[in-house]
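This report refers to the structure that appears directly beneath it.
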Amino acid sequence: MGNCCEGVERFFGRHKNTNIRISLPAVCFVWQIAMIILFGVFIRYDKESDVRKWIEYKKSHNITSDSENDFYFRYPSFQDVHVMIFVGFGFLMTFLKRYSFSGVGFNFLIAAFGLQWALLMQGWFHTLDPNDGKIYIGVENLINADFCVAGSLIAYGALLGKVSPVQLMVVTLFGVTLFAVEEYIILELLHCRDAGGSMVIHAFGGYYGLAISWVLYRPNLHQSKRLMGSVYHSDIFAMIGTLFLWMFWPSFNSAITNHGDGQHRAVINTYLALASSVLTAVAISSMSQKKGKLDMVHIQNATLAGGVAMGTAAEFMISPYGSLIVGFCCGIISTFGYLFVTPFLEKYLKLQDTCGIHNLHAVPGMLGGFLGAIVAAAASVEVYGQEGLIQTFGFEGKYATRSVLTQGGFQAAGTCVAIAFGLVGGSIVGFILKFPIWGDPADDNCFDDEVYWEVPEDEETLPPVLEYNNHMIHKHQDISESNFSVEQS
Amino acid sequence: MGNCCEGVERFFGRHKNTNIRISLPAVCFVWQIAMIILFGVFIRYDKESDVRKWIEYKKSHNITSDSENDFYFRYPSFQDVHVMIFVGFGFLMTFLKRYSFSGVGFNFLIAAFGLQWALLMQGWFHTLDPNDGKIYIGVENLINADFCVAGSLIAYGALLGKVSPVQLMVVTLFGVTLFAVEEYIILELLHCRDAGGSMVIHAFGGYYGLAISWVLYRPNLHQSKRLMGSVYHSDIFAMIGTLFLWMFWPSFNSAITNHGDGQHRAVINTYLALASSVLTAVAISSMSQKKGKLDMVHIQNATLAGGVAMGTAAEFMISPYGSLIVGFCCGIISTFGYLFVTPFLEKYLKLQDTCGIHNLHAVPGMLGGFLGAIVAAAASVEVYGQEGLIQTFGFEGKYATRSVLTQGGFQAAGTCVAIAFGLVGGSIVGFILKFPIWGDPADDNCFDDEVYWEVPEDEETLPPVLEYNNHMIHKHQDISESNFSVEQS
Amino acid sequence: MGNCCEGVERFFGRHKNTNIRISLPAVCFVWQIAMIILFGVFIRYDKESDVRKWIEYKKSHNITSDSENDFYFRYPSFQDVHVMIFVGFGFLMTFLKRYSFSGVGFNFLIAAFGLQWALLMQGWFHTLDPNDGKIYIGVENLINADFCVAGSLIAYGALLGKVSPVQLMVVTLFGVTLFAVEEYIILELLHCRDAGGSMVIHAFGGYYGLAISWVLYRPNLHQSKRLMGSVYHSDIFAMIGTLFLWMFWPSFNSAITNHGDGQHRAVINTYLALASSVLTAVAISSMSQKKGKLDMVHIQNATLAGGVAMGTAAEFMISPYGSLIVGFCCGIISTFGYLFVTPFLEKYLKLQDTCGIHNLHAVPGMLGGFLGAIVAAAASVEVYGQEGLIQTFGFEGKYATRSVLTQGGFQAAGTCVAIAFGLVGGSIVGFILKFPIWGDPADDNCFDDEVYWEVPEDEETLPPVLEYNNHMIHKHQDISESNFSVEQS
């Protein structure tokens, strides 16, 4: 299936047209205009961001202080999440020696587009007002839009270097759409809890990207091998991404949990799981090399696995040592993935995963989903209190009689739904991306910013050598002449 | 006018004295000591940061929770603004291949000086206590000081690479002074609203910098052409600046708006305008190049235009789709500016604008000012509610009877005041900077960190070549000798 | 004493075994497993992060709003501190040309380990529940854990480039332990105030690192001289660290001060001291060079001295101009330290201090401690109010009758305790680190990432030269041949 068009591709391989002068602007304009129209029809300020409604709401609910506005509970976390999306994901993808512009630049482009579409899609599925058909947005919607975009950015990690920006826009359009649907099924229909998105963001995004990459398999990718690695400085740029993701992951997992203890606990759990991941990632990385040397790829990625895996369980009473155990295991699993699974996938499953999202998002996300199921099933009145159980798992309304065991089952089912959406959706989107109209690069032209960017001539490498070239020629000419005369005399 | 001293300049051109060993320390010491004295005379903690007064205030106002302290409403936004000023503006100016030290370093210097002077100037004009002649400061004053400094940092963008740090200190001293005066006129006398500073920060700062740069026109700047571009890594450093500006711009525009819905709405509007800007900036950038390649200059700058343009209107009920439209237009206008207006200005108006602040700050700021006027004039009781109108536009006290139409007129007038201050003030400051005592670089020495910094010998380029040089000489000597003997035999 | 094993070292110098394939993973696993067990026994959520307890607490204390949860008072500051620890300290240590991986990577490793151990150690000493022997943690404990780790990270600054990651783990294990003890003595027994940690963090961490470095003196370190400096881009990476430290230092000094005016005032004071430091650091740096050129080392470090020195006094009523004076003096002292004291220490005291922590942490921290003593002793009822004095200095319970003068005396004593702990503890740890089992690098191998990291072959430097090498050889061969024939004819 992944290879069906191989013959055709081989034929077109060296003649790919990467000119996106028409397609990229067209897509940007059409979609941005569509966004404006749809926002005009559907999107309004909610009661906490609309001056009239907030004044009325305060009066009717006898609220005296503006500090009750949800803005003050969520805005600091929102900004941290925002940094993760744009600087974290963006700079994590600058590690390739000549693809940093695209890593950070296309991440910027698709996130900025995706979040608009996410506000609409999530609005239609979750918060559409049944009376007037409007979507009322506040800071929590902005956080959710950023979350939704994260799914597509994860998928970009698998595709990095092998697709055009137009293809990425398509990946994002469908990614956000699929995200909103699976999220609706998981959070609304199955009534799962998934505040940090182990299932809906990481498992979905990871398998979505892997499926696309599998369909887009390039048998001759080795032709771009010269550009596949990192250089010294690009690895340090990538550490900027890693650290901002690592530091702000507690905000990611707590951004939309319950006010008060919910946000507080999610932060503590995520903080501990991440710290634990760092130690085991370092340990396995060192063990895997002959002289115990560390590999930047592991430090840049596997240290984050604990945060991914705590996406569901962070708001539960998993207890501090439980968080440490989760981080411990995921640091190991993720590093092993980079060492053994990614090469295996490429060799035997024909799956090229540039950033190793299989090890950082897909597997830890899936594990996090099942972990959440187990922790939910093990919840008890002794630990949570009666009211606490209701608050934490939302056992209200028609879910008032649901038991924690049932909840655990639904959580596990939700994880499967997320994976299924990722795999099936990704396969379909992959086939769409195979049409030869999207301007993707040839096999010997991957991982190269030159294809889509005006890259400055790098004075540091080229000119000195060339200049020196001429200089040396004359110098040696003199030397050989003088040598000659010495020998002659 | 800009060329009157050209002959003199040409004469002195190659003999410029860039030694600032006396002038820079002198200016730093004199001004810092002056700051200490003036702070001693004027500046005190306000009622929310003074332990005695806060205890008394809580008692007298029956406040039971410290969460009512303005600190908790504004500090997260303040820190975001702080990051924009020092990392955002600083790193945005690292894009030149050999001027990154100066870009980020002088930005640091003048911001640190400017914010002290801004606390005084803004204090004298806005918050001087009439009873005891003291200025009482809290977190809002810190934000305003950062804002005030932003005006001068914008001006630095036009001058980047062509002035000495001493000149920048002068630019900042006058910039902050002018800022405080125009801000007083616009916000107090005209009673305009301008929370994110489209007028008072961006339009003023932009035209201030452009006017200075026009007066300081260097006809022989092409002599430094070799240093004018970027290199691969410097462009990625600049993206750090871009992204932190982009991400935190919602905090910038909401930092000093009304508590509650005001801050909430300003964030949503700015977030949307920025997202929209990204798509149109990318579209125009791609359209403008033969093969549809993107230009880093546009991605680094024009993507921010939406945030600038929403500086005034962000707190108004412009509605979400309105914000998208603003970003849409400004992304286009700003990118066009980089493509056509900056070269035009340089060629025909003799105006050298290194960072293109004309396109990122001056024009979007001006448009933002007029946009604010229109949105204010279109405000209605239906949308804002009676109380909401009063709150949003400050129709209290002697402004209680002002209509929204009048308000719109004053907003437009305010924009003109800001531009006028920028142009006139900048011209005067430009002339002051022409005195040959400030240590500015010669025309063939611009954009070069070597002039003002101890720059490390770059092992990556120089030593390997030199070392290799010797090595090669010996090697080739051997070769030529052996060749020789071969030929001889 | 520092030289006693010199003969032995010289012998082993070139044969050091830097293979850490067993030791590093072993240490990571053993310690992480120990953490899990100890957390399982001791650590629990506190009443504000435990769902059951928070619900009960709200009911019993009649709290209606979750905004009273300490999380909302401290989390934004916590995240800023977190950024300082991981990005600030991490990137500040990337300035060396070939040690950036280790700078940011080992910082990451030891901080992630240290904060877990810190939660335990600080818990045992400060917050162990006497009834059930548990440690209940919330966001304030996370901040304190980050603070505690900072002490060891400061010590890393003195050792940068000269030790193995295993040694750093040992430094951190003992560093955190000593920190918790001296903190207990200073804050609990002596009842000092030290919210920003001038004494307990900076003075202790500084002297701890200096003492270790003194014991580990390497007489032949000049053999690594080629790697000791910076390159252009590594200096810009270091500026990322500097700026995030500088910007977020107000959060550092205010993170655990009293709610309300306490946090508010600490921010204002630190902000002003830092601004003042920048100007005097620049002034002295410029004065010290022949042509007034600035030195990046000073800008990267001495600009931060004001923040260090305000660690104790920031929460007191030192008044805004007082803060400016502190920054003014410390900027000068710190820059002088880099110019004269660090070379002096190396030459005459046999003390190699890679990052100059003596000038940035040890001395400003010590001065900050004594400054705090003076400001405390000068406190008066007129300025603080009766209640304010009690709140600010904790004159409650058995300290209810302590006078401000006595408090000042205890503050000064606390500073001495911190320094003593640093010096004695550091000397002992230094001797432990001299055992030849830790995998530290040889003298001619210091400051080199190659020892502990898989470093990518840097296409930018190596391949062009090598390729060119061969290319040139052939070229010159031709040339010399042709030369020869010319001469022959």
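Every chain is numbered from 1, with letters handed out A, B, ... down the list of sequences. All values below were derived from every heavy atom in this structure, side-chain atoms included, with hydrogens, water molecules and symmetry-related copies excluded.
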Contacting moiety of A:V87, where chain B heavy atoms sit under 4.5 Å
both
Can you say whether A:F237 sits under 4.5 Å from chain B via the side chain, the backbone, both, or neither, judging by heavy atoms?
side chain
Bottom line for A:I240: the part with an atom under 4.5 Å from chain B's heavy atoms is side chain
Is the closest side-chain donor-acceptor distance between B:S276 and A:Q32 under 3.5 Å?
yes
Would you please classify the geometry between the B:F71 ring and the B:Y75 ring as parallel, tilted or perpendicular, with 30° and 60° separating the classes?
parallel
With a 4.5 angstrom heavy-atom cut-off, is it the side chain or the backbone of A:N141 that approaches chain B, or both, or neither?
neither
With a 4.5 angstrom heavy-atom cut-off, could you sort out which part of A:E48 is near chain B: side chain, backbone, both or neither?
both
So, the part of A:D146 with a heavy atom under 4.5 Å from chain B: the answer is both
Side chain, backbone, both or neither of A:V41 within contact of chain B (heavy atoms, under 4.5 Å):
neither
Is it true that the side chains of A:D80 and A:S77 contain a donor and an acceptor less than 3.5 Å apart?
no
Could you label the plane-to-plane angle of the B:H298 and B:Y338 rings as parallel, tilted or perpendicular, counting under 30° as parallel and over 60° as perpendicular?
tilted
Atom pair CD (B:E68) and CG (A:D66), whose distance is rounded to the nearest 0.5 Å:
8.0 Å
Name the region of A:I55, side chain, backbone, both or neither, that has any atom closer than 4.5 Å to a heavy atom of chain B.
side chain
Between A:I137, A:V455, A:L115, which shows the greatest number of heavy-atom pairs under 4.5 Å with chain B?
A:L115
Quick check on A:L119 against chain B: is it the side chain, the backbone, both or neither that has a heavy atom closer than 4.5 Å?
side chain
With a 4.5 angstrom heavy-atom cut-off, which part of A:F42 approaches chain B: side chain, backbone, both or neither?
neither
So, the part of A:F244 with a heavy atom under 4.5 Å from chain B: the answer is side chain
Residue part contacting chain B, namely of A:Y72, when any heavy atom lies under 4.5 Å:
side chain
Is any NZ, NE, NH1 or NH2 atom of the basic residue among A:K59 and B:E387 found under 4.0 Å from an Asp or Glu carboxylate oxygen of the other?
yes
What orientation do B:F252 and B:W249 show, parallel under 30°, tilted 30 to 60°, or perpendicular over 60°?
tilted
